Amino acid sequence: MYNSVNEFMEKVSSKNTAQPEFIQAVQEVVDSIWEYIQDNPHYLYANILDRIIEPERAIIFRVPWRNDKGEVQINRGYRVEFNSAIGPYKGGLRFHPSVNLGILKFLGFEQIFKNSLTTLPMGGGKGGSDFDPKGKSENEVMSFCQSFMTELSRHIGATTDIPAGDIGVGGREIGFMFGQYKRIQNEFTGVLTGKGLNWGGSLIRPEATGYGCVYFAENMLNAKGDSLKNKTITISGSGNVAQFATEKCIELGGKVVSLSDSSGSIYDKNGINTEKLHWIMDLKNNRRGRISEYAEKFDTIYKNGERPWSIKCDIALPCATQNEIEENDAKILIQNGCIAIAEGANMPSNTGAIEKFIESKILFGPGKAANAGGVAVSGLEMSQNAMRINWSRDEVDNKLKEIMNNIHRQCTEYGNEENFTNYVKGANIAGFIKVADAMLDQGVV
Ligand code: NDP
């Protein structure tokens, strides 16, 4: 048994050297739940803390493929099967050059609590590769996906482990991987989510993470008697999550003034309307271009190499990647009058930034709550596949709204402090209880 968070974290750090993102994710959860588990020592006696931070399994494999010149290329593939206490492993695949075991362990660890919050029976997992789809031909992306799935197919299955998309993995990549899985296993099952609509996909799955994040922001504002209407909103990223967060903000009467990619940000003071958003979707999803082209096309400002956080806003939705809001960005957001942050990305705010948000008591929805809509609708896709039925757009959207409301309610139940909801604490405690109780029920496994 540990006497303090520091004592526990020293052990975590020494056992997971060179995995700073994983250590950061564990620290955030343990800080939040420490007091709660001291008051409920049965979790301590069963040593749930040591068990929950250890993946049940982590698979690392070679991914050989040939580029268009016929040259052999080698990437590294991973699947971290973190926790299956409440259901089969579930979590996305990320294809990005920065991918390594530590990043996937952080994402898999976050996924455990997020999936628990959705109320659906899904365990936590994450995977991916250091393969970079940017600048690759369609044929190269397909060759890579087929090779990646050739190995991964041994480890996953519709009742074992069901991957989905994440950074660098959208409908195109899921299609190539699903085709290869079916070819190898000779079965048509719901082994991946985010599938195409006419081969087992769910309506609203592409939209779900972005829409869910905006529903969560609206829930936080509503609890304060406010709403998104007429608010100025900055969003980072311009991929799947950012695009559909923008679409929902526009629908709810907000004005989105920024989007970004890894090269820089655009600032459109008149707001991105539906027509401009469709142009961006075509740019990013079909032409695979850079966000700087928006500034040329619509004669707006482009901030090369900058994130959007210095732009004055009421609400900020970080939807790109981890640690994209640092402490100084948080200070600027607060000084500029920002009243709410909802994280579409996973762990986009670093530890210093979160401290500033909590200290200043602005509304702060952490990723494991605010972006859980994506995996929630993946869970709904699994249900539809199992029942061999398709729900309508409205049915899925209503279920998504209900799930986001429910997550918000759980956060307020466990995160209530004097005149303030600490959503970080609420999400971590609520997510932890369900998984930890299941682990207790299932014995020392
Ligand atoms: P996409 O690949 O569709 O888009 C990612 C966007 O973020 C792109 O605009 C990309 O720019 C930008 N980006 C990626 N890495 C960096 C970086 N290191 N610095 C600056 N910008 C970067 O991914 P998604 O939209 O699916 O994912 C975005 C975030 O949301 C991730 O944190 C992901 O884990 C999280 N998330 C996604 C879910 C989903 O359903 N897709 C579910 C829950 C969370 P560029 O093109 O230049 O690389």
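Every value quoted in this text rests on a predicted model; they were computed, and no experiment measured them.
- Looking only at atom types and distance, the side chain of T150 has a donor-acceptor partner in the side chain of Q180 under 3.5 Å away.
- No side-chain N or O of Y414 forms a donor-acceptor pair with one of N422 less than 3.5 Å apart.
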Pair N428, E28 - check side chain to side chain donor-acceptor pair (under 3.5 Å), show working.
CA-CA 8 Å; N428 283 328; E28 185 211 284; 3.1 Å; yes

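- Between D130 and R76, the closest heavy-atom pair is OD1-N, 3.1 Å.
- A donor atom on one side chain and an acceptor atom on the other are not found under 3.5 Å apart for Y294 and D261.
- The two residues S236 and A320 come nearest to each other via the heavy atoms OG-N, 3.6 Å.
- Between F432 and Y43, the distance from one ring center to the other falls under 6.0 angstrom.
- For the pair A245 and L317, the tightest heavy-atom approach, listed with the atom from each and the gap, is CB-CD1, 4.3 Å.
- Residues K284 and Q243 have side chains that never bring a donor and an acceptor to within less than 3.5 angstrom of each other.
- In summary, the side chains of S84 and E56 do present a donor paired with an acceptor at a separation below 3.5 Å, with no hydrogens or angles considered.
- V12 approaches I53 most closely through the heavy-atom pair CG2-CD1, 3.7 Å.
- Counting only N and O atoms by type, the side chains of S137 and D68 include a donor and acceptor under 3.5 Å apart.
- When side chains are defined from C-beta on, E207 counts as touching R393, because their heavy atoms get closer than 4.5 Å.
- A cation-pi arrangement, defined by a distance under 6.0 Å to the six-membered ring centre and an angle within 45 degrees of its axis, is absent between R205 and W391.
- The closest side-chain donor-acceptor pair between T193 and K90 falls under 3.5 angstrom.
- K248 and Y215 form a side-chain donor-acceptor contact under 3.5 Å, judged by distance and modelled atom types alone.
- For the 3.5 Å distance criterion, the side chains of E395 and S392 qualify, holding a donor opposite an acceptor.
- With a 6.0 Å cutoff to the six-membered ring centre and a 45° limit on the axis angle, K136 counts as a cation-pi contact of F131.
- Relative orientation of the Y423 and H408 rings is tilted, given thresholds of 30° and 60° on the angle between their planes.
- No side-chain donor from either of E296 and Y302 sits under 3.5 Å from a side-chain acceptor of the other.
- Residues F106 and M347 meet the side-chain proximity criterion, which asks for heavy atoms closer than 4.5 Å.
- Cation-pi geometry between K182 and F188 is not met at under 6.0 angstrom from the ring centre and within 45 degrees of the axis.
- If you take OG on S147 and CD1 on I74, they are separated by 8.0 Å, rounding to the nearest 0.5 Å.
- Closest non-hydrogen pair, L197 versus S202, comes out as CD2-C, 3.8 Å.
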